Amino acid sequence: MAAEPQPKALTRKPLLLNKVEGSQDVVNMAAIVPKEDGVISVSEDRTVRVWLKRDSGQYWPSIYHAMPSPCSCMSFNPETRRLSIGLDNGTISEFILSEDYNKMTLVKSYQAHQSRVIMILFVLEMEWVLSTGQDKHFTWHCSESGQRLGGYRTSAGACGLQFDVETRHVFVGDHSGQVTILKLEQESCSLVTTFKGHTGGVTALCWDPIQRVLFSGSSDHSIIMWDIGGRKGTAIELQGHNDKVQSLSYAHHTRQLISCGADGGIVVWNMDVERQETPEWLDSDSCQKCDQPFFWNFKQMWDSKKIGLRQHHCRKCGKAVCGKCSSKRSSIPLMGFEFEVRVCDSCHESITDEERAPTATFHDSKHNIVHVHFDATRGWLLTSGTDKVIKVGARNVLQLLYFISIPSPMWLQDVIPAFFHPETSHLEFGLGLGLGLGLGMGLGFLPNKDQGGLGL
């Protein structure tokens with residue numbers, strides 16, 4: 001059962017000074033261009049757009065390309081500048097971007113699914129394009145020929161997709177809450193195992209190939225860290241969102257997980273701590289503290305002439321307890337409970353102040369996030385949302401965030417009216433100003449690592 005959320009007092013809010021008109025519909029996915037001041041985005045309005053920062057300091061659209069169907073997802077490889085785009089009609093189109101990011105050339109298009117492409121991954125080492133679709137199929141194609149190499153039918157539509165290059169294992173998370181692990185060969189695949197820990201559908205996956213752990217986000221508001229490499233079946237639960245988890249990203253060099261929710265919340269988890277598994281909830285017909293019967297235990301109620309009580313569970317020890325014996329609340333960050341949750345009275349007394357120290361920081365993006373992308377080379381974090389807004393944040397030494405106003409180029413509105421619409425949302429770029437230290441580039445609204453932030 002999900003933890004009972006409590007409001008977080010110290011939630012940081014980035015300051016937005018201005019916005020620029022952008023997509024005319026939901027921005028389903030976007031990515032920061034490494035080593036360039038630019039962003040690539042795909043939208044439900046059928047457009048692919050590349051925005052670059054010019055000498056004037058303004059961000060201008062260098063590419064505006066209309067696709068035959070709404071763009072549902074994308075995968076960009078900066079080494080080859082290959083852009084793979086999944087469409088609502090099941091097609092995957094692959095493009096090569098020019099070195100100056102002012103032109104995109106179509107390489108090939110092929111029908112990968114019978115319906116909307118949900119997720120897509122380009123694997124350079126294998127020259128494979130992996131994808132999942134609403135047709136409940138996972139498929140992989142040769143990126144050079146476009147030939148279908150194989151497929152696997154999942155139990156439900158899959159929103160999570162990750163791949164481990166070293167072992168050729170693919171992780172697929174679907175709407176039933178199940179995660180499937182497949183072993184891929186050149187033209188075949190075999191089922192390794194399946195596991196399930198969420199009460200809702202899996203909405204996002206993130207793989208750490210170094211620590212060999214898999215993170216799964218769900219519509220049940222929770223995140224689970226699966227220790228794949230440890231081979232002990234360890235699963236650590238993280239509770240920090242008040243709405244479904246939409247997207248996950250991981251900063252490998254600082255071992256921090258970034259999770260984004262539908263409520264606009266961004267949580268940065270410090271995974272460089274020794275976390276504990278949440279206990280299994282125990283079954284009992286009476287309170288395991290005071291022995292009062294629960295309301296379904298008619299025999300004990302009759303024998304003791306007592307009214308049956310409602311059953312609760314202590315989140316720390318897992319014992320079945322009554323409300324009187326679990327009247328206290330406490331956060332248990334090392335168990336993943338950043339919000340205060342129900343604990344029995346004895347566990348509440350045993351939890352020290354050190355054990356209550358938070359291991360995550362909370363931030364308000366002020367928009368419904370669909371996708372998050374983290375650029376580790378500069379410490380930039382990008383979010384895109386259903387409100388048609390893309391936000392890019394940059395950190396400075398004072399942890400203050402300033403968003404530069406990017407004025408709408410009036411002449412471009414006349415030349416390309418499709419770019420601008422009075423009801424569309426905006427594109428925002430963040431710039432951190434480090435006093436005395438020049439220009440600070442990083443994530444402005446996230447604090448240093450010792451405070452649970454990215455520390456870049």
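No hydrogens, no waters, no symmetry mates; every other heavy atom, side chains included, goes into these values. Since this is a predicted model, take the numbers as computed values, not measurements.
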Listed partners of [X] passing ring pair (Phe, Tyr, Trp, His ring centres under 6.0 Å), at least two apart:
X	value
Phe195	Trp226
His252	Tyr250
His141	Tyr110
His313	Trp281

For this session: If a pair satisfies ring-ring contact (aromatic ring centres under 6.0 Å, His included) and one of its residues is in residues 152-187, list it, with sequence neighbours excluded.
Result: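 Those involving residues 152-187 are Phe171-Trp207.
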For this session: Could you give me the CA-CA distance, side-chain angles and deciding distance for Arg342 and Ser326, then say whether side chain to side chain donor-acceptor pair (under 3.5 Å) is met?
Result: CA-CA 6 Å; Arg342 181 186 296 273; Ser326 59; 3.0 Å; yes
How close do [X] and [Y] get, heavy atom to heavy atom, and via which atoms?
X	Y	result
Phe295	Arg310	CD2-CA, 4.0 Å
Met119	Leu161	CB-CB, 4.0 Å
Ser304	Pro293	OG-CG, 4.2 Å
Ser41	Trp51	OG-NE1, 4.2 Å
Lys316	Met335	O-CE, 3.5 Å

For this session: Evaluate side chain to side chain contact (heavy atoms under 4.5 Å, CB included) for Leu257 paired with Val268, printing each intermediate quantity in order.
Result: CA-CA 6 Å; Leu257 177 70; Val268 181; over 6 Å; no
Is a side-chain N or O of [X] found less than 3.5 angstrom from the main chain of [Y], in a donor-acceptor match?
X	Y	value
Lys196	Ser176	yes
Ser249	Ile258	no
Asp243	Gly261	no
Gln288	Lys319	no
Asp220	Thr199	yes
Ser43	Asp45	yes
Thr91	Gln111	no
His373	Thr383	no
Thr203	Gly217	yes
Asn28	Cys71	yes

Between [X] and [Y], is any pair of side-chain heavy atoms under 4.5 Å apart?
X	Y	answer
Cys287	Lys324	no
Ile224	Leu238	no
Arg82	Phe122	yes
Leu87	Met67	yes
Thr139	Leu149	no
Leu214	Met225	no
Cys325	Cys344	no
Trp128	Ser143	no

For this session: Run the numbers on Thr359 and Trp269 for side chain to side chain donor-acceptor pair (under 3.5 Å), then give the verdict.
Result: CA-CA 6 Å; Thr359 61; Trp269 306 85; over 6 Å; no
For this session: Starting from the C-alpha separation in whole Å, work towards a yes-or-no answer on side chain to side chain donor-acceptor pair (under 3.5 Å) for Ser330 and Arg356.
Result: CA-CA 8 Å; Ser330 176; Arg356 290 189 176 93; 2.9 Å; yes
If I take atom [atom1] from residue [X] and atom [atom2] from residue [Y], how far apart are they, to the nearest 0.5 angstrom?
X	Y	atom1	atom2	answer
Arg275	Glu237	CZ	CD	11.5 Å
Ile223	Leu205	CD1	CG	11.5 Å
His371	Ser247	NE2	OG	5.5 Å
Gln211	Ile228	CD	CD1	13.5 Å
Ser331	Ile351	OG	CD1	7.5 Å
Ile181	Gln162	CD1	CD	12.0 Å

More than 12 foreign heavy atoms under 6.0 Å from [atom1] of [X]: is that the case here?
X	atom1	result
Lys183	NZ	yes
Trp302	CH2	no
Lys289	NZ	yes

Exercise. Which pairs pass salt bridge (Lys or Arg N to Asp or Glu O under 4.0 Å) with one or both residues in residues 115-140, sequence neighbours excluded?
Worked result: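 Found Glu44-Arg116, Asp88-Arg116.
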Problem set entry | Listed once per pair and sorted, the salt bridge (Lys or Arg N to Asp or Glu O under 4.0 Å) pairs that draw on residues 152-179, sequence neighbours left out |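 The answer is Asp164-Arg212, Glu166-Arg212.
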For this session: State, without any angle test, whether His198 and Ser216 hold a side-chain donor-acceptor pair at a distance under 3.5 Å.
Result: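 Their side chains do contain a donor-acceptor pair, which is all the 3.5 Å distance test asks for.
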Exercise. Would Arg46 and Ser69 count as having a side-chain donor-acceptor pair, cut-off 3.5 Å?
Worked result: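 No, no side-chain donor-acceptor contact under 3.5 Å.
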Could you pull out all residues at least two apart from [X] that satisfy side-chain contact (heavy atoms from CB on, under 4.5 Å)?
X	answer
Asp291	Ser286, Gln300
Val33	Glu36, Ile40, Tyr101
Glu354	Thr352
Cys73	Met29, Val117, Ile120

Exercise. Salt bridge (Lys or Arg N to Asp or Glu O under 4.0 Å) with Asp283: which residues, sequence neighbours excluded?
Worked result: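 Expected list: none.
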Exercise. Side chain to side chain donor-acceptor pair (under 3.5 Å) between Ser259 and His241: does it pass, once the steps are laid out?
Worked result: CA-CA 9 Å; Ser259 61; His241 287 279; 2.7 Å; yes
For this session: Show your reasoning for whether side chain to side chain contact (heavy atoms under 4.5 Å, CB included) applies to Phe215 and Met271.
Result: CA-CA 11 Å; Phe215 300 95; Met271 303 310 298; 3.8 Å; yes
